[in-house]
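All chains are named by letter (A, B, ...) in the order of the sequence lines, taking the proteins before the strands, and each is independently numbered beginning at 1. Just so it is clear, the structure is predicted and the values come from calculations on it, not from any experiment.
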Amino acid sequence: DAGVTQSPTHLIKTRGQQVTLRCSPKSGHDTVSWYQQALGQGPQFIFQYYEEEERQRGNFPDRFSGHQFPNYSSELNVNALLLGDSALYLCASSLPGQAQETQYFGPGTRLLVL
Amino acid sequence: GENVEQHPSTLSVQEGDSAVIKCTYSDSASNYFPWYKQELGKGPQLIIDIRSNVGEKKDQRIAVTLNKTAKHFSLHITETQPEDSAVYFCAASWEAAGNKLTFGGGTRVLVKP
């Protein structure tokens with residue numbers, strides 16, 4: 001059983017560009033959350049998708065947007081990249097059901113903005 | 001919103017000794033507290049979690065305690081081994097927040113052989 005997978009593993013962009021990161025949840029999981037982890041810090045919640053809709057959102061600007069597909073995979077899009085967007089972007093998936101199900105994280109995509 | 005503080009930021013122990021990491025949270029509505037281990041170049045991996053209806057939970061060499069009154073919870077690792085070296089994160093969430101986790105700043109643990 002494959003765990004959470006993310007692509008690409010690494011990405012280098014320049015300021016002002018746009019980026020799309022991808023996530024495939026663990027088999028049987030239908031809820032996908034995205035987190036940003038700056039170097040030396042804990043992950044920060046960006047947003048969560050369930051049934052192809054954004055269910056919750058953290059304190060991130062509208063430059064951060066997402067999508068969930070019918071197969072539960074998800075994309076994170078960031079527009080007008082800033083140097084401060086350089087971070088490890090983590091995707092986490094969880095089982096359907098009640099809130100506070102265990103979240104399983106992928107290996108992340110490391111984004112460097114120059 | 002919820003705020004989680006974690007101490008210490010770094011912890012160095014001799015192999016075989018115990019390691020303790022402490023976290024405090026601000027929102028009394030929080031009722032789910034997972035702990036994650038993150039190794040270099042990898043995503044966080046859940047090692048143990050506790051819910052607010054339980055005061056303590058143990059899984060082999062790892063245990064977590066929760067004090068709801070004081071709003072703090074702790075991770076205890078006994079008989080540490082070199083493979084326990086990693087960054088550990090505590091987190092908290094509350095039911096109305098669904099699966100949104102608020103993380104502490106992390107503790108870098110080094111187990112010296």
Side-chain angles (χ1 to χ4, degrees), chain A residues 2-7 9-10 21 23-26 29-51 53-60 68 74 87-110, chain B residues 1-10 21 23-25 27 29-54 57 59 64 66 75 86-109:
Chain A
V4 179
T5 60
Q6 293 186 242
S7 63
T9 56
H10 296 81
L21 311 181
C23 169
S24 291
K26 191 175 168 66
H29 288 190
D30 67 350
T31 302
V32 173
S33 301
W34 287 92
Y35 292 80
Q36 180 195 66
Q37 186 178 22
L39 199 60
Q41 298 182 22
Q44 299 274 328
F45 177 80
I46 302 175
F47 44 52
Q48 180 182 94
Y49 277 84
Y50 172 69
E51 292 188 341
E53 290 191 359
E54 183 182 293
R55 183 162 65 176
Q56 285 194 317
R57 189 177 183 90
N59 190 25
F60 279 80
Q68 185 177 35
S74 177
L88 180 68
Y89 288 86
L90 295 163
C91 169
S93 72
S94 55
L95 282 166
Q98 297 180 2
Q100 300 176 318
E101 292 289 343
T102 299
Q103 293 191 56
Y104 296 83
F105 283 83
T109 293
R110 187 162 297 282
Chain B
E2 174 67 284
N3 182 51
V4 177
E5 294 191 358
Q6 183 171 347
H7 299 280
S9 57
T10 59
I21 304 170
C23 289
T24 60
Y25 59 98
D27 193 333
S30 289
N31 59 355
Y32 175 61
F33 308 93
W35 286 88
Y36 285 86
K37 174 183 180 183
Q38 187 173 28
E39 297 174 303
L40 197 62
K42 297 184 179 180
Q45 178 185 10
L46 180 76
I47 56 172
I48 196 168
D49 58 9
I50 191 168
R51 299 181 189 269
S52 60
N53 59 345
V54 175
K57 185 176 179 180
D59 182 5
V64 57
L66 171 64
L75 178 71
V87 180
Y88 292 80
F89 291 98
C90 62
S93 78
W94 62 106
E95 191 165 354
N99 281 343
K100 173 185 175 181
L101 293 173
T102 300
F103 283 84
T107 297
R108 183 173 299 279
V109 174

Q | Listed partners of B:Glu2 passing side chain to side chain donor-acceptor pair (under 3.5 Å), at least two apart | A | B:Ser26, B:Ser30
Q: Applying salt bridge (Lys or Arg N to Asp or Glu O under 4.0 Å), name anything that partners A:Arg57, two or more places apart in sequence or on another chain.
A: A:Glu54
Q: Identify the two heavy atoms, one from B:Lys100 and one from A:Gln103, that lie closest to each other, and give their separation to 0.1 Å.
A: N-NE2, 4.4 Å
Q: Starting at NZ of B:Lys42, measure out to CZ of A:Phe105 and round the result to the nearest 0.5 Å.
A: 16.0 Å
(Q) Taking every non-hydrogen pair under 4.5 Å, which of B:Gly104, B:Pro44, B:Cys90 racks up the most with chain A? (A) B:Pro44
Q: For residues B:Pro34 and A:Thr102, determine if any side-chain heavy atom of one lies less than 4.5 Å from a side-chain heavy atom of the other.
A: no
Q) Going through the distances and angles, do B:Phe103 and A:Tyr35 end up as a ring pair (Phe, Tyr, Trp, His ring centres under 6.0 Å)? A) CA-CA 10 Å; B:Phe103 283 84; A:Tyr35 292 80; 5.7 Å; yes
(Q) Using heavy-atom distances under 4.5 Å, tell me whether B:Gln6 contacts chain A through its side chain, its backbone, both, or neither. (A) neither
Q) Side chain, backbone, both or neither: which part of A:Gln44 has an atom under 4.5 Å from a heavy atom of chain B? A) neither
Q: Applying side chain to side chain contact (heavy atoms under 4.5 Å, CB included), run through B:Phe89 and A:Gln41 and close with a yes or a no.
A: CA-CA 9 Å; B:Phe89 291 98; A:Gln41 298 182 22; over 6 Å; no
Q) Which value, rounded to the nearest 0.5 Å, describes the distance between B:Leu46 atom CG and A:Tyr104 atom OH? A) 7.0 Å
